[in-house]
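Inspection log for the structure reproduced underneath, given as structure tokens.
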Amino acid sequence: MTITYQAIIDQLHQRFATLPSLVRLNASGQNVALLTEEPKTISQCPTLYSLLEHVTYAPSTPVTISDVVILSRLVVADAGSDRCEAALMPYVFDLPATINGSSEGRRLGNWSAMRRGIATVERAEAVWVAIGGKQLYRALDVYTRITLQ
């Protein structure tokens, strides 16, 4: 298997799905709590979606990727809730721990004999976000760096 952006997202989402609150299966067995695109609406919290933040290429060639940074945004409560901060609290340490908590969690995939990804959650930021341009939600932005080796 080759390294693809989709494979990186799939591996991250597998780690995040170790938190029971981030597993919500639909009738087809798909986890609707973990999305690969920014949603237009949020039907239920918590919902996490992941987006490409940036890619760093090796200095020797523009096609060899050395680092990929993924923004994973965990939407926990709408602004109308009087428990926005309480909804955020369990994830401040638990979500990064799904990646940083063990050496096994930090290794992503084994896409080829020569390269694999080492993931590290670098930081998290509490933010307010407008979903669909209107509804305001409390969220936790988690930035994960995947270093390809």
Side-chain angles (χ1 to χ4, degrees), residues 1-57 62 65-111 115-149:
M1 177 188 277
T2 59
I3 299 170
T4 65
Y5 174 59
Q6 183 66 54
I8 290 170
I9 294 297
D10 290 346
Q11 290 285 314
L12 282 177
H13 284 190
Q14 281 184 338
R15 298 297 193 273
F16 294 147
T18 62
L19 295 176
S21 60
L22 290 179
V23 178
R24 226 173 26 254
L25 303 179
N26 65 12
S28 302
Q30 296 171 313
N31 189 351
V32 296
L34 299 171
L35 309 175
T36 58
E37 295 184 15
E38 184 172 9
K40 303 234 184 305
T41 62
I42 299 284
S43 60
Q44 188 176 351
C45 291
T47 294
L48 182 141
Y49 59 93
S50 296
L51 305 170
L52 179 65
E53 177 67 16
H54 69 266
V55 177
T56 304
Y57 297 96
I65 299 169
S66 61
D67 289 305
V68 177
V69 176
I70 306 295
L71 161 63
S72 297
R73 176 168 286 155
L74 178 70
V75 180
V76 294
D78 70 61
S81 170
D82 58 355
R83 303 204 28 94
C84 287
E85 288 307 302
L88 188 71
M89 287 179 186
Y91 297 103
V92 171
F93 297 118
D94 290 352
L95 192 61
T98 63
I99 305 296
N100 291 353
S102 70
S103 60
E104 180 60 33
R106 294 185 66 213
R107 278 190 297 267
L108 294 182
N110 189 11
W111 293 290
R115 295 179 60 122
R116 65 174 177 202
I118 302 299
T120 305
V121 173
E122 295 184 318
R123 72 182 198 276
E125 299 174 5
V127 297
W128 292 95
V129 296
I131 301 293
K134 42 191 163 186
Q135 182 72 30
L136 194 62
Y137 288 88
R138 189 64 163 149
L140 183 67
D141 284 356
V142 175
Y143 294 86
T144 305
R145 177 178 302 280
I146 297 91
T147 302
L148 301 176
Q149 299 180 329

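Position 1 is the first residue of the sequence, and the numbers go up from there.
Every side-chain contact (heavy atoms from CB on, under 4.5 Å) that N26 has, sequence neighbours left out, goes to S28, Q30, V32. Scanning for side-chain contact (heavy atoms from CB on, under 4.5 Å) contacts around F93 gives an empty result, with sequence neighbours left out. In this structure, the side-chain contact (heavy atoms from CB on, under 4.5 Å) partners of P46, at least two apart in sequence or on a different chain, are S21, L22, R24, L74, Y91. For D10, the side-chain hydrogen bond (donor to acceptor under 3.5 Å, both in side chains) partners at least two apart in sequence or on another chain are Q6. With sequence neighbours left out, E37 forms a side-chain hydrogen bond (donor to acceptor under 3.5 Å, both in side chains) with no residue at all. Remark: Q135 pairs with D78, Y137 by the side-chain contact (heavy atoms from CB on, under 4.5 Å) rule, at least two apart or across chains.
Considering every non-hydrogen atom in both A17 and V23, the closest pair reads O-CG2, 3.3 Å. Looking at every heavy atom in both residues, R73 comes nearest to D141 through NE-OD1, 2.6 Å. Of all the heavy atoms in A77 and A87, the pair that sits closest is CB-CB, 4.1 Å.
In this structure, the separation between CG on L34 and OG on S72 is 9.0 Å, given to the nearest 0.5 Å. Atoms CZ and OG1, on R123 and T144 in that order, are 10.5 Å from each other to the nearest 0.5 Å. The structure places CG of L95 at 13.0 Å from CZ of R15, a figure rounded to the nearest 0.5 Å. To the nearest 0.5 Å, atom CD1 of residue I9 and atom OH of residue Y49 are 13.0 Å apart. Note that OG1 of T41 is 9.0 Å distant from CD1 of I131, once rounded to the nearest 0.5 Å. Considering CD of Q11 and CZ of F16, their distance stands at 12.0 Å, rounded to 0.5 Å.
The backbone N or O of T56 lies less than 3.5 Å from no partner atom in the side chain of D67, so there is not a single donor-acceptor pair.
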**Item:** Step-by-step side chain to side chain contact (heavy atoms under 4.5 Å, CB included) determination, T120 to I99
**Value:** CA-CA 6 Å; T120 305; I99 305 296; 5.8 Å; no
**Message:** Set out, in order, the CA-CA distance, both residues' side-chain angles and the distance that settles side chain to side chain contact (heavy atoms under 4.5 Å, CB included) for V76 and L140, then state yes or no.
**Reply:** CA-CA 8 Å; V76 294; L140 183 67; 5.7 Å; no
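Side-chain contact between V142 and L48 is absent, with no heavy atoms from C-beta onward closer than 4.5 Å. Annotation: side chain of L52 is in contact with side chain of I70 (closest heavy-atom distance under 4.5 Å).
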